[in-house]
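Only one structure is covered here, and it is reproduced in the block below.
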Amino acid sequence: MEQLDIDWKHLPFGYYPTDYNVRCTFKDGKWGEIEVSQSDKIEMHMAATTLHYGQEIFEGLKAFRGKDGKIRIFRLDDNAERMRSSAEGILMEPIPVDLFREMVIKVVKLNERFIPPYGSGASLYIRPLEIGISPSIGVRAATEYLFIIMVTPVGPYFKTGFGCTDICIMRQYDRVAPRGTGRFKIGGNYAASLVAGDHAHEKGYSAVLYLDPKEKKYLDECGPANFFAIIDGKYVTPKSDSILPSITNRSLMQLCEDMGITVEERHVTVDELEKATEAGACGTAAVISPVGTIHDEDTGHDYVIAPDRKPGPISTTLYERLSAIRLGEYPDEHGWNTIVE
Ligand code: PLP
Ligand code: COI
């Protein structure tokens, strides 16, 4: 395999071109053959529903190179299942789990030389996306869909990696509506978060910690990641209909249970942050990004979670266990990894 001149240890979370992507089209009521493409362009009708009415859903998952040289894809079936749920959420054609699985494995194998080496801390980010491609000027669902999976090697999402980052609460912004599309992974949710995210960055914060859009009383999620806090030694994470059900968060909850740490998935009020001894943003891209300070823009109050700017002991244990499972260094007791043969 041709060696790549990539500084794996300092990869940003960005787009790095790879060799191939895979595609499949839904037309005349059925999914077609899987195509392998070397082009990073798509040609489509200018009246495609994805362009006018936002029929777009996506996923994010990762492949890792283990110490044993094996390639492991983390929780592939769970991402397939969430993509099915997102499709139903905005009336798109669901992708059969077997097709999703086959295409993910295929695109990873085809781009094997882009899987970062063991020990680099980087991974191969897998980005499946589905778009409505048939034309419509009336507001209605497409009859034809394109499913594409691209991959790109990535480093940490927040530039601090597993180091403390600061986030803020800004009540003037909502990402989603109370009974809206927050629990689906649709492009529109991210478009709706851009102004708030930009405002937070301008103020020096890496992300917005959104509150529930109905009452602004409870914590929701943290930019493109879920949120957890350690309160009274328990792993506490918001329960909400307006957040994305994070597969990373679910994994961390399971690891807590395995390690005898109590998990509470419930409404969490803003003032409970006063009692948090650790906090973090968690997700595929974010992994665990420990939170240093949470600034409340409306009250001016700072919740200083990590005065020493160091990740706390529970976050560190969870991070290490999760990494070890994904790299094949700790038994995969829950069957989360798909080993690519
Ligand atoms: N919340 C949002 C809005 C996200 O975009 C993501 C990323 O996928 C997450 C949470 C974390 O979900 P997961 O752990 O499944 O990647
Ligand atoms: C992920 O963590 O996979 C995401 O989709 C977050 C992303 C929007 C960068």
Side-chain angles (χ1 to χ4, degrees), residues 11-16 56-64 73-86 89 100 104 122-130 149-159 161 165 167 173-177 180-194 196-198 200-201 206-213 219-228 235 237-256 265 279-289 291 318-319 322-323 325-326 334 336:
L11 263 181
F13 189 89
Y15 177 73
Y16 188 98
E56 191 271 353
I57 57 175
F58 67 100
E59 266 307 326
L61 60 161
K62 280 177 173 172
F64 302 85
I73 305 173
F74 190 64
R75 302 199 75 166
L76 169 50
D77 292 341
D78 297 83
N79 287 88
E81 170 50 31
R82 190 170 63 191
M83 194 147 194
R84 190 201 52 73
S85 155
S86 297
F100 185 98
V104 167
S123 55
L124 188 75
Y125 187 65
I126 305 164
R127 171 55 67 82
L129 70 142
E130 184 185 357
I149 311 182
M150 55 180 242
V151 296
T152 192
V154 294
Y157 187 78
F158 293 115
K159 61 178 184 301
T165 192
I167 58 176
Y173 297 115
D174 289 318
R175 196 182 75 95
V176 291
T181 54
R183 63 190 188 285
F184 308 123
K185 203 160 169 63
I186 69 171
N189 293 345
Y190 297 81
S193 74
L194 290 175
D198 199 45
H201 293 151
S206 58
V208 177
L209 178 55
Y210 289 98
L211 302 186
D212 79 277
L219 304 180
D220 239 357
E221 62 181 336
C222 180
N226 272 186
F227 178 82
F228 70 85
Y235 181 98
T237 191
K239 189 177 175 63
S240 164
D241 289 338
S242 48
I243 66 174
L244 191 76
S246 157
I247 294 162
T248 311
N249 198 4
R250 220 187 311 144
S251 310
L252 297 179
M253 288 190 254
Q254 180 64 57
L255 295 181
C256 282
E265 193 183 5
C282 61
T284 299
V287 194
I288 294 179
S289 295
V291 170
L318 287 172
Y319 181 86
L322 182 69
S323 303
I325 294 172
R326 303 204 281 197
H334 303 287
W336 288 338

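Order of listing sets the numbers, starting from 1, for every ligand and every atom in it.
- Between Gly60 and Thr284, the shortest heavy-atom contact is O-OG1, 3.5 Å.
- What you find for Val287 and Tyr319 is that their closest heavy atoms are CG1-CE1, 3.7 Å.
- Residues passing the side-chain hydrogen bond (donor to acceptor under 3.5 Å, both in side chains) test with Arg82 are Glu59, sequence neighbours excluded.
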Can you give me a line-by-line list of nitrogen or oxygen pairs between ligand 2 and the protein shorter than 3.5 Å?
from: ligand 2; atom 1: 2 (O); to: Ala285; atom 2: N; distance (Å): 2.8
from: ligand 2; atom 1: 3 (O); to: Tyr125; atom 2: OH; distance (Å): 2.6
from: ligand 2; atom 1: 5 (O); to: Tyr125; atom 2: OH; distance (Å): 3.2
from: ligand 2; atom 1: 5 (O); to: Lys185; atom 2: NZ; distance (Å): 2.6

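- The salt bridge (charged side-chain N to carboxylate O under 4.0 Å, His left out) analysis of residues 183-193, with sequence neighbours excluded, yields no pairs.
- When side chains are defined from C-beta on, Tyr210 counts as touching Ser193, because their heavy atoms get closer than 4.5 Å.
- Side chains of Asp78 and Arg250 form a contact here, defined as non-hydrogen atoms less than 4.5 Å apart.
- Residues Asp220 and Arg175 are not paired through a salt bridge, judged by the lack of any N-O separation under 4.0 Å between the basic side chain and the carboxylate.
- Ring planes of Tyr157 and Phe13: perpendicular class, angle over 60° (limits at 30 and 60°).
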Please tabulate, one line per pair, the protein N or O atoms found under 3.5 Å from any N or O atom of ligand 1, giving the distance to one decimal.
from: ligand 1; atom 1: 1 (N); to: Glu221; atom 2: OE1; distance (Å): 2.6
from: ligand 1; atom 1: 5 (O); to: Lys185; atom 2: NZ; distance (Å): 3.1
from: ligand 1; atom 1: 5 (O); to: Tyr190; atom 2: OH; distance (Å): 2.5
from: ligand 1; atom 1: 8 (O); to: Lys185; atom 2: NZ; distance (Å): 2.9
from: ligand 1; atom 1: 12 (O); to: Ser246; atom 2: OG; distance (Å): 3.4
from: ligand 1; atom 1: 14 (O); to: Ser246; atom 2: OG; distance (Å): 2.6
from: ligand 1; atom 1: 14 (O); to: Ile247; atom 2: N; distance (Å): 3.3
from: ligand 1; atom 1: 14 (O); to: Thr248; atom 2: N; distance (Å): 2.9
from: ligand 1; atom 1: 14 (O); to: Thr248; atom 2: OG1; distance (Å): 2.6
from: ligand 1; atom 1: 15 (O); to: Arg82; atom 2: NH1; distance (Å): 2.7
from: ligand 1; atom 1: 15 (O); to: Arg82; atom 2: NH2; distance (Å): 3.1
from: ligand 1; atom 1: 15 (O); to: Ile247; atom 2: N; distance (Å): 2.8
from: ligand 1; atom 1: 16 (O); to: Thr284; atom 2: N; distance (Å): 2.9
from: ligand 1; atom 1: 16 (O); to: Thr284; atom 2: OG1; distance (Å): 2.6

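- Using a distance-only test at 3.5 Å, with no hydrogens or angles considered, a donor-acceptor pair links the side chain of Thr237 to the main chain of Phe227.
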